[in-house]
Amino acid sequence: MKYLFLFIVITVLSCQENKTPSVNKKKNITYLDSKGKAYKYFAEIPDSLRTPEQQKFAKAYTDVLLNYVVVENNHMVLKISKEEFLSKGLSETDFQVFKENIRTNNAWIDSLGIKDVDKMLEKTRLELKSSIK
């Protein structure tokens, strides 16, 4: 179950529309923290080193993950309108990436024959809530 938590959080937060300085090497985006250190994934940046813009993004994305992802028929479903998503300060690209990550997660769940996704998502929510306090 811990793997699902890590998979969800990394896939969700790794695909931030890169609005902060980055290095682009053949489509490999590197995210920079507030001190200029490079990271392969957005989620790897320690909270204490995120720029204010990165902190705002992570908070809004986490809010969507915690409050608008539900499980139906053992698959994750995004239950927020595009307009409401955008009103949280996230972009249309972020919305498309979030939906694609849900599709990817569902394909991964199916490929591994994972059951009880609802319980796993609840555990993910609890772990994520405890990590942001």
Side-chain angles (χ1 to χ4, degrees):
M1 283 192 217
K2 190 154 188 122
Y3 294 114
L4 181 63
F5 169 72
L6 292 173
F7 185 74
I8 292 170
V9 172
I10 288 173
T11 57
V12 168
L13 293 179
S14 69
C15 297
Q16 175 200 16
E17 182 177 351
N18 198 13
K19 299 172 189 161
T20 58
S22 68
V23 177
N24 192 339
K25 297 178 183 176
K26 296 182 183 177
K27 298 184 183 181
N28 290 330
I29 294 175
T30 302
Y31 296 94
L32 302 178
D33 67 20
S34 60
K35 294 187 177 188
K37 183 177 176 187
Y39 298 85
K40 184 174 179 179
Y41 299 106
F42 177 80
E44 293 177 322
I45 301 172
D47 294 344
S48 62
L49 295 178
R50 287 186 178 156
T51 65
E53 186 175 71
Q54 290 169 335
Q55 290 171 356
K56 182 180 176 185
F57 170 83
K59 183 178 180 184
Y61 230 71
T62 300
D63 175 57
V64 172
L65 178 61
L66 290 173
N67 298 304
Y68 300 98
V69 176
V70 299
V71 175
E72 294 178 357
N73 299 319
N74 208 50
H75 281 139
M76 289 183 275
V77 178
L78 184 60
K79 291 286 193 172
I80 187 173
S81 69
K82 182 178 179 180
E83 293 74 25
E84 191 174 358
F85 189 94
L86 297 175
S87 75
K88 294 184 174 297
L90 298 165
S91 72
E92 187 168 337
T93 300
D94 296 328
F95 183 71
Q96 296 305 322
V97 168
F98 206 109
K99 288 184 358 180
E100 180 59 31
N101 286 335
I102 296 256
R103 282 190 290 275
T104 301
N105 287 346
N106 287 332
W108 180 75
I109 287 163
D110 290 344
S111 73
L112 295 176
I114 296 172
K115 304 293 181 208
D116 299 328
V117 173
D118 54 342
K119 291 177 186 174
M120 295 173 77
L121 185 59
E122 187 55 34
K123 182 174 170 81
T124 297
R125 284 189 178 115
L126 292 172
E127 290 181 23
L128 189 54
K129 284 179 185 178
S130 70
S131 72
I132 58 175
K133 287 185 178 182

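Taken to the nearest 0.5 Å, the CD atom of E84 stands 10.5 Å off from the CZ atom of F95. Put simply, CD1 on I80 and CG on N67 are 8.5 Å apart, with the number rounded to the nearest 0.5 Å. Taken from NZ in K123 to CG in D116, the straight-line distance is 13.5 Å, to the nearest 0.5 Å. Within the model, atoms CG of L49 and NZ of K37 stand 8.5 Å from one another, a figure rounded to the nearest 0.5 Å. The line from CD of E122 to CD of E127 is 11.0 Å long, rounded to the nearest 0.5 Å.
Side chain to side chain, Y39 and D33 meet the donor-acceptor criterion of an N or O pair below 3.5 Å.
The side chain to side chain contact (heavy atoms under 4.5 Å, CB included) test with E100 singles out one residue from V97, I102, T104, and that residue is T104.
At a threshold of 4.5 Å between non-hydrogen side-chain atoms, the residues V117 and H75 do not count as touching. At least one side-chain heavy atom of N106 sits under 4.5 Å from a side-chain heavy atom of I109. Residues D63 and K88 are in side-chain contact: their nearest non-hydrogen atoms beyond the backbone lie under 4.5 Å apart.
The six-membered or imidazole ring of Y68 lies away from that of F85, with a centre-to-centre distance of 6.0 Å or more.
Shortest non-hydrogen contact noted between Q55 and D47 is NE2-O, 3.5 Å.
L78 and L66 fall within a single hydrophobic cluster, where Ile, Leu, Val, Met, Phe, Trp and Tyr are joined by side-chain heavy atoms under 4.5 Å apart, directly or via other members. No path of Ile, Leu, Val, Met, Phe, Trp and Tyr side chains, each step under 4.5 Å between heavy atoms, connects L86 with V64, placing them in separate hydrophobic clusters.
For the pair R50 and Y31, the cation-pi test (distance below 6.0 Å, angle within 45°) is failed.
Ion pairing between K56 and E53 fails under the 4.0 Å rule for side-chain N and carboxylate O.
Between the N101 side chain and the F98 main chain, no donor and acceptor come within less than 3.5 Å of each other. Using a distance-only test at 3.5 Å, with no hydrogens or angles considered, a donor-acceptor pair links the side chain of N74 to the main chain of I114. E44 places no side-chain N or O within 3.5 Å of a backbone atom of A38 that could act as its donor or acceptor partner. Side-chain atoms of T62 never come within 3.5 Å of backbone atoms of K59 as a donor-acceptor pair (strictly under, hydrogens ignored).
Residue pairs meeting the salt bridge (Lys or Arg N to Asp or Glu O under 4.0 Å) criterion with at least one member in residues 64-79, sequence neighbours excluded: E72-K79.
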